[in-house]
Every structure is written in structure tokens, then in C-alpha cells.
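Working notes, beginning with the structure itself.
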Amino acid sequence: MTNARQPRLLSYADRLSVAPSEPIEFKVSSLIPGEFTAEIVRLQHGDRNPEGPGFREHIIKSVANGQYPARAQDIDPGSFIRVDDPSDRLALTGAFSLHAFVFPTTTDQARQVVLGRYALDTETGYALEVGPEGVTLRIGDGTGSSVISTGDPLYGSCWYSVGATYDPQTRIGRVWAESVITSTNSLVANTVPISGPGNSEGILDRELGVAPAPFLIAAANAGNRFDAHFNGKIERPAVWSRVLTDDEICALRDGNETRTRLVALWDFAADITSTGVTTDRVRDHGPSALHGTCQQGPARGMTGRLWAGVDERFTLVPSEYAAIHFHDDDLEDCGWDTDLTWTVPDDLPSGAYALRITQDDEVDRQPFFVLPPRGSATADVVLVIPTASYLAYANEHLAPGGTFAQSIFGQTPVLGAPDLYLHEHPELGLSLYDLHSDGSGVHLSSLRRPIVNLRPDKRTSLGGPWQFPADLHLVDWLTEKGIEFDVVTDLEVHQEGVELLSQYQVVLTGSHPEYITRETLDAWEQYLTQGGRALYLGGNGFYWVTNWHPEKSHVIEVRRGESGIRAWQAQPGELHLQTNGERGGLWRWRGRAPQKLVGVGFATQGFDYSSYFTQTEDATEPAVAFIVDGIKPDEKIGDFGLEGGGASGFELDRYDLRLGTPPDCRLLATSEGHSDNYPRVSEEVQFTMPHMGATMDYQARGDIVFFHTHNGGAVFSTSSIAWCGSLSHNDYDNNVSRMTENVIRRFLDSTPLPDEGSVPSSRQ
Ligand SMILES: [Fe+2]
């Protein structure tokens with residue numbers, strides 16, 4: 001592969017939203033010597049499609065604008081635990097024993113360290129490893145290492161008791177591996193023999209050196225990096241400062257650890273509380289309290305060797321969830337040094353911005369959203385930017401990495417330079433649509449890394465913008481229409497609740513607010529109950545149970561499971577979120593189908609082309625006359641646009657009284673003309689049968705709806721990701737633009753909306 005197409009500038013910020021007078025930090029890595037130029041720009045439109053308005057940004061005069069020294073910064077992915085050992089209790093020089101329960105997931109990968117104090121760069125110290133040779137004890141003297149191994153590799157995704165002893169007097173080392181499989185805790189059942197159990201003993205012909213590096217669980221030190229990452233789960237790792245007896249070793253497999261000369265015994269269940277396991281700490285039950293700290297966000301709340309398959313809520317049975325799952329591609333925070341800290345001026349208007357970085361012919365734009373001053377609103381309309389959804393898709397590898405993209409898209413994916421760069425640079429971390437290197441689903445995503453698809457002009461492999469660049473279609477339209485609006489993100493709604501939303505007469509969504517927290521759903525519901533008015537201008541919204549990490553607002557969590565359009569499936573017993581202990585999956589299965597909130601919910605998706613809506617009988621009702629004002633009854637709505645050529649496309653939502661669409665809801669228009677590339681969503685399929693595509697299944701469609709809520713509130717929903725891509729058509733003079741403007745202008749008029757409480761005549 002050449003470097004020619006690889007961006008040589010990468011950047012990220014420590015946050016995506018910032019209020020006036022607050023600081024935001026930017027971190028830049030450049031492979032080009034010299035200086036880069038930084039400028040603050042206000043973003044208006046990112047889509048470079050020649051059919052549309054084109055790229056629009058405006059430079060903001062700022063003290064931040066200027067030249068900065070360029071330097072390269074590294075990324076070191078892979079999760080592990082670092083043990084705080086100020087008294088060097090783990091700098092072993094005499095006899096010792098090591099033990100852990102392990103559930104390895106990449107057993108063919110060489111040299112994965114379970115635990116040890118070992119320096120790979122100098123080959124110093126001791127480590128218990130797994131790899132193609134099974135379980136290995138390694139002793140390094142600073143010039144090289146000696147090993148003894150069980151021989152056969154462990155069988156993947158099965159629980160084992162593994163350990164080692166070593167006596168420097170005799171130089172005799174011993175390693176063992178014994179499966180501890182139950183009916184439920186492993187890939188195969190306990191009825192069958194599996195490879196791996198073994199026991200080896202021999203002489204290790206090197207001195208035991210002391211590594212000038214910390215004791216780690218699930219990785220080893222490699223200079224100023226960490227390597228030899230372990231993929232899989234570890235439970236109850238322990239260290240003793242003597243050689244255990246045969247009886248003591250036998251007792252270990254039952255979890256009965258002797259405390260005689262115990263140095264440390266880490267219990268990963270100890271910090272599970274009724275609201276999850278949100279701390280990075282792991283607790284040592286040994287005599288010296290050598291607690292550890294998780295690095296780069298391994299998975300907690302994961303089934304351990306004692307999981308019985310009865311209870312699935314880890315907060316109720318912590319002892320069955322005493323495992324941590326480590327991945328060599330976890331990435332929670334690149335930890336780059338800051339190049340530029342900027343305090344947002346008090347008078348900077350709320351909106352979408354970016355730090356534009358240029359050097360030679362390279363340019364990168366790190367977006368951020370400027371909020372109105374905390375506790376206040378500066379407009380009557382607010383656009384809620386769905387940053388949790390941006391993070392869910394952050395650095396997604398669907399097209400370059402997935403074998404199924406072409407089938408889903410109904411067209412050949414078109415890969416751009418950022419897609420190829422991601423494919424070649426897995427160190428930038430994964431999205432919630434990807435699998436870890438061991439095949440497990442990615443359920444945590446962080447903004448503290450370069451996110452190459454969170455860029456204003458990024459096009460997906462489908463051809464059009466998606467998420468952030470698609471939401472700029474709406475930002476541009478509001479700007480061109482002269483509709484004043486504030487920008488907040490879903491993080492502020494999550495944190496501040498209805499108090500934030502209730503400052504506004506009208507609330508707008510983005511094009512695809514798919515990932516929603518309970519707190520955000522509550523805020524929306526309360527806002528509408530209090531008389532708030534909302535436009536849901538997207539598709540497949542309010543879908544996945546999501547949470548912001550309570551102590552790290554740069555991290556979100558999603559556990560995918562049971563049904564729904566999903567890139568992976570949580571393993572048995574692992575559907576609950578580690579960040580709050582609550583059940584993951586679809587909101588629909590927690591009694592909160594999107595239809596109950598916005599009148600419509602996910603019905604179908606397809607990506608070959610977008611279509612249009614036709615108006616229904618309900619569109620002739622007096623209650624909705626203001627919405628269709630200026631639009632003829634026989635007009636197709638949105639048979640044009642930048643997202644697949646129509647306003648109805650990509651992901652579509654449906655009116656459905658059985659799923660909670662309110663009884664007074666008007667179904668103004670429904671989409672038609674979709675191909676069989678639009679099948680019904682899997683959560684609605686109880687029986688599979690032919691003819692489930694949109695040409696035959698009337699429920700595979702999108703609907704435009706309107707309904708009233710309490711106290712003069714109302715909701716207008718357009719049910720399609722592609723909607724906002726049609727707003728600019730014909731110089732903003734079109735029926736998608738007109739309908740959207742009709743609703744926003746009328747919603748801004750606080751007088752009562754017509755016919756509140758009436759039932760549509762079509763249902764009388
Ligand atoms: Fe989505």
C-alpha cells in the first residue's frame with residue numbers, strides 16, 4: 001500500500017460541545033515537518049454534491065487562528081490493567097506462583113500476556129502467557145528469555161484455570177491449564193473433551209530479572225508502549241511469593257485460593273454496584289491492596305466462569321460476572337498532547353463549527369458545536385445534534401471491512417480515501433458497527449480519537465453524506481431560510497433534561513438520531529407533555545438503548561441484542577450495559593417504541609435509491625391545512641434530493657397504532673416506489689417468507705405524520721434519513737422545504753394549533 005492517499009493530518013478535540021467562556025482542547029498529529037495553520041470556521045453545508053449548494057464554511061476571526069508547530073503523535077490501542085505497586089511488592093526475585101481463570105478468544109495469536117511484570121523491549125521479568133504453545137511461563141534476565149509451555153493451544157472461548165510456579169533456587173518452572181467448563185459458560189459444553197489441558201515442568205535456564213516497568217494484566221510493557229495484548233476474558237488473577245503445593249493448585253480451580261504468602265488477588269466483581277460497574281478501578285483482596293486501573297476501556301459486566309445462564313442482570317449476581325474482556329483494539333483515549341486550547345468567546349453564536357487545520361495541500365476539520373450560554377437560550381428553535389449516533393458510527397468499517405455491505409446497499413460501495421485509510425489503520429479504533437479482532441461486538445465508542453467520518457464533507461460508501469455531514473443539510477437550510485436556531489447536543493439533553501428543552505418553542509432532530517439514552521427519552525417526553533413542539537426530521541430514530549458513561553462524557557455504550565437491524569449480537573448474558581446496569585437492545589423491547597414518542601418507528605431500510613411520498617386523505621383535514629399550505633394534493637413530496645435522489649430513503653419509519661402511534665395522529669403522506677432492497681426490519685419478522693420487500697409489503701414504507709400533545713404541544717415527523725437532503729433542491733423552493741418551513745413557522749406561533757384533541761375523520 002502506498003502512503004499517497006493517506007491523510008498526513010489527523011486531529012480530535014476533547015469534547016464535541018462547548019459553551020461560551022468554556023475551553024475546548026484540540027489535538028493534532030502531523031506527519032509533515034514544519035507548522036500547520038489552524039483556523040476556526042463556522043460550518044454551514046458540507047456536501048460537495050454538484051447538484052446542491054456545495055461546501056460552505058465561514059472563517060471566524062479568533063485568537064486561535066495562527067501557526068502551530070507540527071509533530072506526529074502515536075496511538076497505542078489495546079486494553080489492559082496497570083497495577084499501582086509503589087512498594088514494588090510485585091518485583092518478584094524469589095519463588096512465586098501465578099494463577100488466573102482465562103477465556104481466550106484468539107488462541108492462535110502469539111504471546112498474549114495474562115499477567116506479569118515484564119518488559120518486552122529488554123526481555124526482563126516474568127509473565128504468564130497464552131498462545132499457540134498453550135500456556136507459557138516466561139522468565140527474562142535482560143538479555144533474553146526462557147520459557148516452559150503446556151504445548152497444545154487452548155481451545156478458544158472456553159474457560160480454563162491456568163497457572164505457573166517458579167523457584168529460582170532450583171530454576172524449576174511448572175505451568176498448567178485445566179478446563180473449567182460448565183453447561184453455560186463456554187463455547188462447548190462440559191460433555192466433550194477439549195484440547196488444551198496440560199501440565200509441564202522443566203528447567204528455565206535464565207536468571208529472573210526485575211523489569212523496570214509496572215505489573216500489568218492482559219498486556220506487557222514495550223518501552224513507552226504496551227504490547228502482547230491478551231484477547232478474551234480474565235477472572236481472579238493472583239500472585240503468591242512461594243511455590244504452591246499440588247493440593248493448593250488443585251483447590252485453585254474451585255476458586256479456593258490459599259492466602260499464605262498471597263501477594264495479590266484481584267476481584268473484578270468487587271466494584272459492581274446496583275448501577276453498573278463504571279469505575280476503572282479493579283480491587284485487590286490481597287494484604288497490600290495493590291489495586292489496578294483499567295486502561296483503554298476493556299469490557300466489564302461480562303459473564304465469568306460461574307455464569308449459570310439463569311440471571312442476566314450482572315448487578316444482581318456480581319459473582320457470576322467477575323470477568324473483564326480485553327481486546328487488542330480497544331481505544332478509549334489516544335491521550336495526545338494538546339496543540340491548541342481555545343476558550344470560546346462570550347459572543348460567539350451557537351452553531352456548528354470546526355477547527356480547520358491546513359498544512360501543505362492537506363486539510364482536516366475537527367467539528368464541534370457551540371452551545372448557547374449555559375442556562376439560557378438565544379433563539380426559539382433548537383437543533384439537537386445526535387452526537388451519540390455520531391459516535392456509534394465513528395470510524396465504521398462497514399463497507400471496507402464487511403462482506404455484506406454490497407448486499408445491503410444494493411449497489412457497489414464506493415470507497416473514499418478516509419475509508420481506505422481506516423482499513424489500513426485499525427489503530428484509530430472501531431465503531432459500534434464493527435467487531436473486535438476476536439470477533440466480539442464493539443459496545444463502547446469514544447470521541448477522544450481522530451474520527452475520519454466525522455468530517456463535514458465525508459461521503460459514505462453509499463455515495464451521500466451520513467450523520468454529521470447529512471445534518472449540515474438542515475443547518476444550511478435553517479441558515480438560508482433565516483430561521484434563528486441554537487445548537488445543543490444530545491449530551492446536554494442527557495445531562496440537563498427537560499429544563500434545557502423547555503427553553504425552546506420548537507425542537508428539531510437531526511437526520512438520524514438512532515442512539516438515545518433513557519434520560520434523553522425522558523426529557524423529550526416531558527417536553528412534549530408540557531406543550532413542547534417538535535419536528536423529527538430523520539429516520540430510524542429513538543431506536544437503541546444507549547448510555548453516556550457517567551464519569552467519562554466522551555464515551556458511549558450500546559449493547560446490541562435479540563432483534564433489530566444489528567451489526568452484531570451480544571453474547572448470552574451480556575445484554576446489560578456496564579455503564580448503568582440497565583438492559584440494552586431496542587427501546588421497543590423496553591416498552592418505549594419510537595411510535596409512542598414521535599408517532600412513527602423503524603420499518604425498513606434500503607440504499608439503492610430514495611423515493612417520494614404521496615399524500616393521503618388525512619392531508620385534507622383542517623387540522624393539518626397549515627402543513628400542506630401551498631402544496632397541491634396530488635403533488636409527490638420529495639421526488640428529488642441529494643440523498644439517493646428522493647426525500648424518502650435509506651431508513652424509514654412507519655405510523656403504527658399497534659406500536660403506540662397516538663390516536664389523533666394524522667398520516668399525511670406515505671412513501672411508495674421503493675424496491676425490494678427495502679425489506680421490513682428484522683424485529684417485525686416472526687416468520688420468514690418470500691415477498692417481504694417493499695414492492696409487496698405495504699408496511700415497508702415511510703410516513704409523514706402529525707399529532708397533538710398535551711398543553712398545546714405537537715409533533716411532526718418525516719420518517720426518513722433522506723428528508724433533509726431534499727431541502728435545498730431548486731434553490732430551496734420545493735415541497736419538502738415548504739412543508740418543513742410551514743410547520744416550523746406555525747410551531748413558532750404559540751397560539752393554539754387547530755383541532756387539538758380531534759380524531760382524524762378517516763377513523764371516525
Ligand atoms: Fe443507523
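Just so you know, ligand 1 is whichever comes first in the structure, and atom 1 is the first atom listed for that ligand. We number each residue from 1, following the sequence as shown. FYI, side chains are in, hydrogens and waters are out, and symmetry mates aren't considered; it's all heavy atoms of this structure. Keep in mind the model is a prediction, meaning the values are calculated, not measured.
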Can you give me the OH-the Fe ion (ligand 1)-NE2 angle for Tyr393 and His512, to 10°?
100°
Centroid-to-centroid, Phe314 to His576, below 6.0 Å?
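No, too far apart.
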Is the centre of the Tyr390 ring less than 6.0 Å from the centre of the Tyr515 ring?
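No; Tyr515 has its ring centre 6.0 Å or more from that of Tyr390.
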For Glu514, what is the atom name of its N, O or S atom nearest to the Fe ion (ligand 1)?
OE1
With a 3.5 Å distance limit and no angle check, can you tell me whether Asp486 reaches the backbone of Val382 through a side-chain donor-acceptor pair?
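Flag not set: sc Asp486 to bb Val382 has no pair under 3.5 Å.
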N/O/S atom of Asn540 under 2.8 Å from the Fe ion (ligand 1), yes or no?
no
Side chains of Asp330 and Ser79: is there a donor and an acceptor less than 3.5 Å apart?
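Yes.
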